[in-house]
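Side-chain atoms are counted along with the backbone in the values below, which use heavy atoms only and exclude waters and symmetry mates.
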Amino acid sequence: MSSVRSHRRSVISEAVAPWGDIARLLRGGEAGTLLPVIIPKHRRRLWWMLPLWAGGYALLSGVMLTLKESGSDGLGGMAAGALATLSYVVGVLLLVIGGLWWWRSSIVEIEQGTHGVLTRYGAVVRTLDAGRHYLWHPWSRVDFVVDTATEIPYSAPVMACPTQENVPLRSIEFFLKFRITDAVLFVRTIGAGNFDLVLSSAVQDAIRQRARRVRTERAYDLRGSDVADMQDLLNRQLDRYGVRITGCNIPDVQLPAQYQQHLATREQVAKERTAYEQEWGLIRKRRIDSLGMDIERAKKIRDARIVEVRAALNRAREEVAQLLERQETEAQRVRFEIETRGRSGLIAAENEARAQQALAKAYRDNRAVLQYELACRRLEVGSRLAGKAPRPVVVRTDGGTDTSALSTLFTAQLLPRLTSGDRAPNGSAFLSAEDGGHDQR
């Protein structure tokens, strides 16, 4: 489709054209008009039936003449035969001409990217794809050729569109692309001429709704803004017509002249403000750089002092480490001395203990010898005392002996003599009550 001039509304229409001009009109339009639908001039006529009827009549005449020839003789029969032959020839020629005319008039060629709407007796039968088709039925015809592949551009400027503050904008240019998705639904439901009115009304309604939500100073923000919601709204409205919006945008917005002057003044003020902000930005950058340099110098001084403090701290740590090492050496020396004195005292004590142990052992051995000598002396003394001791006399009174007073008296007189006389080697004398108290010697 040819693009329309800016600030001029596109016009969608349909045209009647011969088959040879359909491709040109669909691709280029006509005098700034978009032509998505072409009504082809029907070149199919019923004149091709005349040769067929005439040929049939000629063949029938030839048959009649042949029958007449078979029933007559002579010159009449020859004339009938010649006329029959001529009728056959003319009939066959007329049938061939009629058949060729019918074949040629039934050919329909649909352009690439378009669909043809086939009707029969005025009713829509089906759609024809791109390519060559043969319409053998005499009353079948293509009433519409619809462009279903091309994205058709459409421009619709909206004039005096009020904003949120009720300030009328001079114009808002709205541009969209649409494509016919269902040829039969499009031509039967609305048609190209009515679709132009419906699309223009829908676009103006959508643009006015969008402008009502925008403040006047932000009107220029509509240029190139996101209009996906408007596209969805238009698709919902146009889907029942077999049309699909493939893309849309707002390329231009024009404000009123007075408001443009105010806007120009404000833009100038904004530019001056931008210049002041840039100047202040440079001054601030220089100050920031100066402060940054001062901070860097302070950091360097701080780092140098930190290095000095760390060096002093390391020296102090080294001195403390040396002092601790000396203290540890002195403490180790004192500990070694104490351990040496302790070991020497321990050894002396052990030696003294061993000497005391040896002395105790000697004392124990001497004590044993003394005890032995003492025991020997005790034995010697005991033997001496035993030799000088009185002999015991055992008087047996058991065995039922007589314990009369006479025997007791006799024993009392005899005992002193026995004890004063010589003692037997055994140093003992026994009296038995069994022998009646007599001495057994």
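- Atom CZ of Arg212 has more than 12 heavy atoms from other residues, nucleotides or ligands within 6.0 Å.
- Glu339 and Arg343 are joined by a salt bridge, as a carboxylate oxygen and a charged side-chain nitrogen come within less than 4.0 angstrom of each other.
- Between the side chain of Gln231 and the backbone N or O of Ile245, at least one donor-acceptor pair lies under 3.5 Å.
- When side chains are defined from C-beta on, Leu35 counts as touching Ser13, because their heavy atoms get closer than 4.5 Å.
- Met230 has its side chain within reach of Ile207: a pair of non-hydrogen atoms, C-beta onward, lies under 4.5 Å apart.
- The closest side-chain heavy-atom distance from Arg284 to Arg287 is not below 4.5 Å.
- Side-chain contact between Asn235 and Leu233 is absent, with no heavy-atom pair separated by less than 4.5 Å.
- In this structure, the separation between CG on Leu291 and CD1 on Ile288 is 7.5 Å, given to the nearest 0.5 Å.
- The only member of Val187, Val117, Leu25 that meets side chain to side chain contact (heavy atoms under 4.5 Å, CB included) when paired with Val37 is Val187.
- A distance-only check finds no donor-acceptor pair linking the side chain of Ser290 to the backbone of Arg286 [under 3.5 Å].
- Asp129 places none of its side-chain heavy atoms less than 4.5 Å from the side chain of Ile110.
- In plain terms, the two heavy atoms of Tyr154 and Ser200 that are nearest each other are OH-CB, 3.5 Å.
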* To do: I would like to know whether Val158 and Arg208 meet side-chain contact (heavy atoms from CB on, under 4.5 Å); could you show each step before the answer?
  => CA-CA 8 Å; Val158 181; Arg208 293 182 187 278; 3.8 Å; yes
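- Within the 3.5 Å criterion, the main-chain N or O of Leu197 finds no donor-acceptor partner in the side chain of Ser201.
- Atom-to-atom distance recorded for Glu151:CD and Ile180:CD1 is 12.5 Å, nearest 0.5 angstrom.
- Among all heavy-atom pairs drawn from Glu173 and Pro157, the shortest one is OE1-CB, 3.3 Å.
- Other residues, nucleotides and ligands contribute more than 12 heavy atoms inside 6.0 Å of the CZ atom of Arg354.
- The shortest heavy-atom contact between Cys248 and Val227 is O-CG2, 3.2 Å.
- Within the model, atoms CZ of Phe174 and CD1 of Ile250 stand 6.5 Å from one another, a figure rounded to the nearest 0.5 Å.
- Around atom CD of Gln357, no more than 12 heavy atoms belonging to other residues, nucleotides or ligands sit under 6.0 Å away.
- Applying the salt bridge (Lys or Arg N to Asp or Glu O under 4.0 Å) test to pairs two or more places apart or on separate chains, those with a residue in residues 223-238 are Arg210-Asp229, Arg213-Asp229.
- Rounding to the nearest 0.5 Å places CZ of Arg244 at 16.0 Å from OG1 of Thr148.
- Here Arg273 pairs with Glu277 in a salt bridge; the nearest charged N to carboxylate O distance falls below 4.0 Å.
- When all heavy atoms are compared, the tightest approach of Pro162 to Ala211 is O-CB, 3.6 Å.
- The shortest heavy-atom contact between Thr114 and Asp147 is CG2-CA, 3.9 Å.
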* Is there a side-chain contact (heavy atoms from CB on, under 4.5 Å) between Leu34 and Val11 once you walk through the steps? -> CA-CA 6 Å; Leu34 304 176; Val11 179; over 6 Å; no
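- Side-chain contact check for Gln278 versus Leu282: every heavy-atom pair is 4.5 Å or farther apart.
- Looking at heavy atoms from C-beta onward, Val125 lies out of side-chain contact with Thr119 at the 4.5 angstrom threshold.
- Leu176 pairs in a side chain to side chain contact (heavy atoms under 4.5 Å, CB included) with only one of the listed residues (Ile152, Leu234, Thr246), which is Leu234.
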* Test side-chain contact (heavy atoms from CB on, under 4.5 Å) applied to Asp196 and Val198, step by step -> CA-CA 6 Å; Asp196 178 66; Val198 172; over 6 Å; no
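- Within a 6.0 Å radius of CD in Glu272, other residues, nucleotides and ligands contribute more than 12 heavy atoms.
- A 4.5 Å side-chain heavy-atom check between Thr163 and Val214 finds every atom pair outside the cut-off.
- When the shell of 6.0 Å around CZ of Arg305 is examined, it contains 12 or fewer heavy atoms from other residues, nucleotides or ligands.
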Show me the side-chain donor-acceptor pairs of residues 309-328 shorter than 3.5 Å, one per line, residues at least two apart or across chains.
unit_1 : atom_1 : unit_2 : atom_2 : d
Asn314 : ND2    : Arg310 : O      : 3.0

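- Every residue two or more places apart in sequence or in another chain that forms a ring-ring contact (aromatic ring centres under 6.0 Å, His included) with Phe178 is listed here: Phe195.
- Separation of atoms OG (Ser10) and CD1 (Ile12) is listed at 7.0 Å; rounding is to 0.5 Å.
- Distance check: Leu185 CG to Thr127 OG1 gives 12.0 Å after rounding to the nearest 0.5 Å.
- In this structure, Ala183 and His115 approach most closely via the heavy-atom pair CB-CB, 4.3 Å.
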